[in-house]
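The block underneath contains the structure these notes are about, expressed in structure tokens.
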Amino acid sequence: MNIPFVDLGRQNGKVRTYINTAIAEIIDAGEFILGERVAQFEESAAAYIGVPYAVGVASGSDALLLALMAYGIKPGDEVITTPFCFISAVEAIMLLGAKPVFADIEEITYNIDPQKIQEKITHKTKAIIPVHLFGQSATMDQIIELGKKHNIPIIEDVAQAMGAVYKGKKLGSLGDIGCFSFYPTKNLSCLGDGGLITTKEKGIYEKLKALRTHGTQTKKYYHEYIGINSRLDAIQAAVLTVKLPYLDAWNNERKMLGERYNKQLNTQVTIPKNMHGSTYNSYCIRTPVRDQLKEHLEKKEISTSIFYPHALHLQECLNHEGYKRGDFPITEKCTQTILALPTFIGMTAEEQDYVIHTIEEFFKQRTQKGL
Ligand SMILES: *Cc1c(COP(=O)(O)O)cnc(C)c1O
């Protein structure tokens, strides 16, 4: 049986006729940039997350960049974030000339460790970016407390966890700003790139709206700020408006897949610890024989991915920052042992059973060989 890592066709197929209609309407109306469709989606997304304001932007990466711009991050500033992640947050920090300061992760959630954040705070720290990795919240209580105590804004990277909840509140409503991505494999996704920023502060909201469209706050062709061009397309906003009502059901489907894996795989591998109601945007296991397992699954036509194979502090583009191997041991250990299994909307129980069975078979064969 051939098991893809993700099959987007199954999810999009469920809403395809509605999407077709919504796109046709936009073509007829001819309103492609911002306008009513984008405003309508921003309103529903803000209500869904439980904040007064949301701003549609071109991608999750731009959401992070614009969030830092809104808080005036500049050269000489330090921003604390996790070394175990996709590069977007670090990229945004460095594009503004600021310094990424890493704090290692908690081994049980793969998220940034509040204790280690505390050790890294200096008078230069101007923002903290916790990432809710794989669909599960970072330990937000302690992070928010640190932000309040030191007067540092908390920028949540919610790219992998839209709809996930921490102590009764939707992620993206806990910190000062929430950054979302609608990249096709995220919990809520569009048909290309897209992103969103949520905020509770009117001033930040107004500034973000200006920054995403060349720094224009009041009048066209008058520029209060140096901004960028980063808007959510009307077509993508229309697609997202169609899909948003399905998000909770889709997240539940992911949760059920995750829990099913958890129940079946817990003796052979390290399963993810579900501390705060993970939405399993990715389902990741760990094993010291990760590469051998991946190879075995490939032979059986099961696609897997590694999130992430190389820690951020060891990336070539950060060489000049002077980090070295051994600086963040938990992150480094995870990059060597982690493996993401197929988990997607529309995955059948039969397909999941085949993945589970193939993993069990791999470990049985190792035992037989005396390994
Ligand atoms: C996907 C992702 C991003 C970037 O989003 P894009 O829309 O692809 O720019 C940022 N952070 C995390 C944790 C992500 O998973």
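Whatever order the structure lists them in is the order used to number ligands and atoms, beginning at 1. A quick note: this is a predicted structure, and the numbers were derived from the prediction, not measured.
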Nearest-contact summary for atom 9 (O) of ligand 1 - protein heavy atom, Å
Ser61 OG, 2.5 Å
Scan Phe5, Phe307, Tyr261, Phe344 and name whichever one has a ring pair (Phe, Tyr, Trp, His ring centres under 6.0 Å) with Tyr283.
Tyr261
We want to know whether Glu224 and Thr218 form a side-chain donor-acceptor pair, criterion being a heavy-atom distance below 3.5 angstrom.
yes
Is the ring pair Phe362/His296 parallel, tilted or perpendicular, if the boundaries are 30 and 60 degrees?
tilted
Any chance the side chains of Asn262 and Tyr280 put a donor and an acceptor closer than 3.5 Å?
yes
For Cys85, counting its heavy atoms only, list the atoms of ligand 1 lying under 4.0 Å from any of them.
13 (C)
Gln40 versus Thr241, side-chain donor and acceptor atoms under 3.5 Å
no
For the residue pair Gln11 / Lys243, report whether a side-chain donor-acceptor contact shorter than 3.5 Å exists.
yes
At a non-hydrogen distance cut-off of under 4.0 Å, which region of Cys179 contacts ligand 1 (side chain, backbone, both, or neither)?
neither
Backbone or side chain, does any N or O of Asp62 fall under 3.5 Å from an N or O of ligand 1?
no
Between Phe182 and Phe41, is the ring-ring contact (aromatic ring centres under 6.0 Å, His included) condition met? List the steps.
CA-CA 13 Å; Phe182 305 122; Phe41 173 67; 5.6 Å; yes
Has ligand 1 got any nitrogen or oxygen that is less than 3.5 angstrom from a nitrogen or oxygen of Tyr183?
no
Which atoms of ligand 1 sit under 4.0 Å from any heavy atom of Ala159?
2 (C), 3 (C), 10 (C), 11 (N), 12 (C), 14 (C), 15 (O)
Using distance alone, with no hydrogens and no angle criterion, decide if Thr139 and Gln142 have a side-chain donor and acceptor under 3.5 Å apart.
no
For Val131, the ligand 1 atoms with a heavy-atom partner under 4.0 Å come out as 13 (C)
Please find out if less than 6.0 Å separates the ring center of Phe84 from that of Phe328.
no
Numbered atoms of ligand 1 (with element) below 4.0 Å of Ser59, judged on heavy atoms:
7 (O), 9 (O)
Between Gly60 and ligand 1, is there a nitrogen or oxygen pair with a distance under 3.5 Å?
yes
For atom 11 (N) of ligand 1, find the nearest protein heavy atom and state the residue, atom name and distance (0.1 Å precision).
Asp157 OD2, 2.8 Å
Is there a polar contact between ligand 1 and Lys186, counting only N or O atoms under 3.5 Å apart?
yes
So for ligand 1, is Tyr308 a polar contact partner (N or O within less than 3.5 Å, distance only)?
no
Which atoms from ligand 1 have a heavy atom of Gln160 less than 4.0 Å away?
13 (C), 14 (C), 15 (O)
For ligand 1, is there an N or O atom under 3.5 Å from any N or O atom of Ser88?
no
